[in-house]
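Notes follow the structure.
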Amino acid sequence: MPANDTTLGDARRQRLLGAMEAAGIDEIVVYGNAWQADYLRYVADFGILEGHGIAVISADGATELFLDSATDAERAEVEAPSVTVRRAGDIARAVGARLDRVANHRLAAAPRRFLPKWLADAERSFTIEDGTALLDKLLMHKLPAEIDAIRCAARIADDAYGEFVKAVAPGRRQYEIVADLEAYLRRRGCPDNFMIIGSGGKDVFGMTPPSERRIAAGDLVTTELTPAVEGYYVQICRTLVAGKATPAQAGAFAIYREALEAGIAAVKPGATAADVARAENDVFRRYGLGDYVTSKYTRVRGHGIGLFCDSKPHILEDVDTELSPGMALIVHPNTYHPEVGYLVLGDAVVVTQTGVEVLCRTPRQLFEVPA
Amino acid sequence: MRRGLIARSRAELPDAVFDGRLERLRAAMAGLDALLVYTNNTRPAGVSWLVGFIPYWSEAMLVLPRTGPPVLVVALTFRVKPWIERTSRVAEVVFNPRIGIETARLIAAKKADAAVGVVDFDHLSAGIADDLREAGPRLVFSDASELFAALRASADPAEITLTARASSIAASALSRIDPREPGIGAIVAAVEGEARRLGAEEVYVAAAPDLARDRRLMRFESGPADEPALGARLAVRASVAYKGSWVRRVVTIERDTMASRAEKAAAAFAEAVARLPDDRALSQFASFMVEGCRLSQPLEALMGSGVAEPRAPAAGAVVSVQACIEADGGPFLFGAPALLGARGETASTFV
């Protein structure tokens, strides 16, 4: 089937048009590439893979999708039938010619900072305001159907972690393990996944794309699996040991589990991203590990999920974004532990009217595989 | 986001390869004090060609002064410094989420009114361009796309070797297609899994599950229960990257007969590719496309039935060619990478 669900895509489009009308915007210009694909997916229901993509949405809902990749333009014709696809080698000038026709309209762009420079230059006949905040709000606060897609992705993520455990064995290289996982996800009809991995001991300070490193007995093997359903990503973070966990590994893991549980308990309407981060970090501080929740050892303590696998809000102690029903997050107290190395543990959650719904069902345990 | 193998092999890409490319670029930088090449995971080909760096995530700017070593300004966090150093040849890495600000500061600190060439300047993110101007108000920026494209056009031996490897991975992956599979998901999984197990940095698989119904290649986003039915003839495309070199291969699979009716069409395709950059033979087909790397997009449409402003690839360039051929009850889809000959020589398909 084509990669879109017209019901969900139409619902998003209607919501966008309502927001445009409320803001007095006549046309919105939305940029995307395979790294920052969420804004474009929201408005055009197309999962871009190659090159630049820019959608122009009029107040009546008509959507033109400009793509500079010929292969993506062909895909879009099939996968996004509700939009008009235009292939252009120089996408900036093609969109510019389109906007010249409406230069007297009120135009906004999201995310404006990613637009090709030529389009945003002052010499153009049109002026494009920054409409990023308008789209950010729609992306962050999700419709029930969007949450349903995230729930579906969570089922696949749980199953995929089971496959990951089966794929890890001493002697296997990291990229061979990831290859097995990707093949599994394609069989499940899941076209996209963000995945990083780490293996080793105290020499490992984080996760990266897979390397040629072989799994060795005693390794901690960490992964962050992020499969997508209908463009919606969900994430699960787990750690396993190749062999029997040492008392030090098991003891360290218990702190991460306590931190995850504290973070999830802090998720509720009215709480802030900072509250969640503080709940996680306080656990580490209680165990004398306060240094390891700083940016030297960890990036974020969780983040939003949705059409981007690392969306707003970032769960950090200085982010005061208020949580509200319809927001989806991953809570993950991932960081380095000085006695055993890098450990990860994280569950995806949805903020509900009364608190939190945990989407991941994989046990919060330090898994073990035969070594 | 990349999740295939990103690793540097000094056997395949010795320091001398990168040093030679940087020296050629410096020699062409007449009138410029510095050259900037932007990278993210969809436009990585300029920077990976120069220093091997391939961002799996986020973005970076390579600053190449006319004299002195290149500096990589990355928006990734400092924690990935060891990974960057393992996978690329960069002497200095600077970390700042505002890569435009940091880049301009670096250049302006040495010469406030430096002349700075930017590859694909018009398509640089507006936010980065604003930051460059903010932190380097006296810097003089210009587009350096043609300068870069002229140097990048012909493949050197290292690029040809990597392209051959990418082509081999794609061919091996496509050979895993079992026409007896009941659905397209299993076929896509077999191709993608094999490509990644063979060390692909990235693979995109697209398919036309029933060529009699629709010849357009697409990605699938549904589980086995909702998959489209496979026709008697289907086509699958594997777009594969290996250490920064990208190729596309397309095969047509006939499910209802052991004796392929595609052989004649395949021969016609190979004959037409051999004549490149003369595209008159390819133009006889129902459609065709020739893609190659000019700047930072790995595979950019250069010539083809849907390309309004064609750019003929240079002698010695590596390209990927796709065609749709109507023959013997077709259509048949084919695709393969090729190396263009020197002037007067035929092109050669990677097998």
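Owing to the predicted nature of the structure, the values given are computational and were not obtained by experimental measurement. In what follows, every chain begins at residue 1, and chains take the letters A, B, ... in the order their sequences are listed.
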query = Is the number of heavy atoms from other residues, nucleotides or ligands under 6.0 Å of Arg176(B) CZ greater than 12?
reply = no
ask   = So do Arg43(B) and His52(A) actually touch side chain to side chain, heavy atoms under 4.5 Å?
value = yes
key: Pairwise side-chain contact, Trp118(A) with His123(B), heavy-atom cut-off 4.5 Å (strictly under)   = no
key: Which portion of Arg311(B) sits near chain A, non-hydrogen atoms under 4.5 angstrom   = neither
message = Below 30° counts as parallel, above 60° as perpendicular, anything between as tilted: where do the rings of Phe194(A) and Tyr56(B) land?
response = parallel
message = If I measure from the heavy atoms of chain A, does Arg79(B) come under 4.5 Å with its side chain, its backbone, both, or neither?
response = side chain
key: Closest-packed option against chain A by number of heavy-atom pairs under 4.5 Å, given Arg3(B), Arg2(B), Arg196(B), Gln297(B)   = Arg3(B)
ask   = Is it the side chain or the backbone of Phe78(B) that comes within 4.5 Å of chain A heavy atoms, both, or neither?
value = neither
ask   = Does Arg248(B) come within less than 4.0 Å of Glu50(A), counting only side-chain N to carboxylate O?
value = yes
task = Please flag which part of Leu181(A) lies under 4.5 Å from any non-hydrogen atom of chain B: side chain, backbone, both or neither.
result = neither
key: Heavy-atom contact with chain B under 4.5 Å, split by part of Asp72(A)   = neither
ask   = Should the pair Asp121(A)-Arg133(B) be classified as a salt bridge under the 4.0 Å nitrogen-to-oxygen rule?
value = yes
Atom group of Ser295(A) that falls short of 4.5 Å from chain B, counting heavy atoms = backbone
Under 4.5 Å from any heavy atom of chain A - which part of Glu300(B) = neither
ask   = Quick one: is the NZ or CZ of Lys117(A) closer than 6.0 Å to the six-membered ring centre of Phe121(B), and within 45° of its axis?
value = yes
Basic-acidic side-chain contact under 4.0 Å: Arg186(A), Glu192(B) = yes
key: Under 4.5 Å from any heavy atom of chain A - which part of Glu291(B)   = side chain
ask   = Does the side chain of Trp57(B) come within less than 4.5 Å of Asp310(A)'s, by heavy atoms?
value = yes
request  = Kindly indicate whether the side chain of Lys81(B), heavy atoms from C-beta on, has any atom under 4.5 Å from the side chain of Phe205(A).
outcome  = no
request  = Going by the salt bridge (Lys or Arg N to Asp or Glu O under 4.0 Å) test, name the single residue among Glu74(A), Glu79(A), Glu77(A) that passes it with Arg216(B).
outcome  = Glu77(A)
key: Shortest non-hydrogen contact between Thr42(B) and Trp35(A), atoms and distance   = CG2-N, 3.8 Å
ask   = For Glu221(B) and Val229(A), what are the C-alpha separation, side-chain angles and deciding distance, and is it a side chain to side chain contact (heavy atoms under 4.5 Å, CB included)?
value = CA-CA 7 Å; Glu221(B) 202 166 37; Val229(A) 167; over 6 Å; no
key: Top of Gly51(A), Ala73(A), Ala70(A) for chain B proximity - count of heavy-atom pairs under 4.5 angstrom   = Gly51(A)
ask   = Can you name the nearest heavy-atom pair linking Ile6(B) to Pro209(A), along with the distance?
value = CD1-CG, 4.2 Å
request  = Over all heavy atoms of both residues, which pair between Gly193(B) and Ala179(A) is shortest? Give the atoms and the distance, please.
outcome  = O-CB, 3.8 Å
key: Top contributor to chain B interface from Thr71(A), Thr208(A), Ile91(A), Leu185(A) [non-hydrogen pairs under 4.5 Å]   = Thr71(A)
ask   = Given that the side chain runs from C-beta out, which part of Ile196(A) has a heavy atom under 4.5 Å from chain B: side chain, backbone, both or neither?
value = side chain
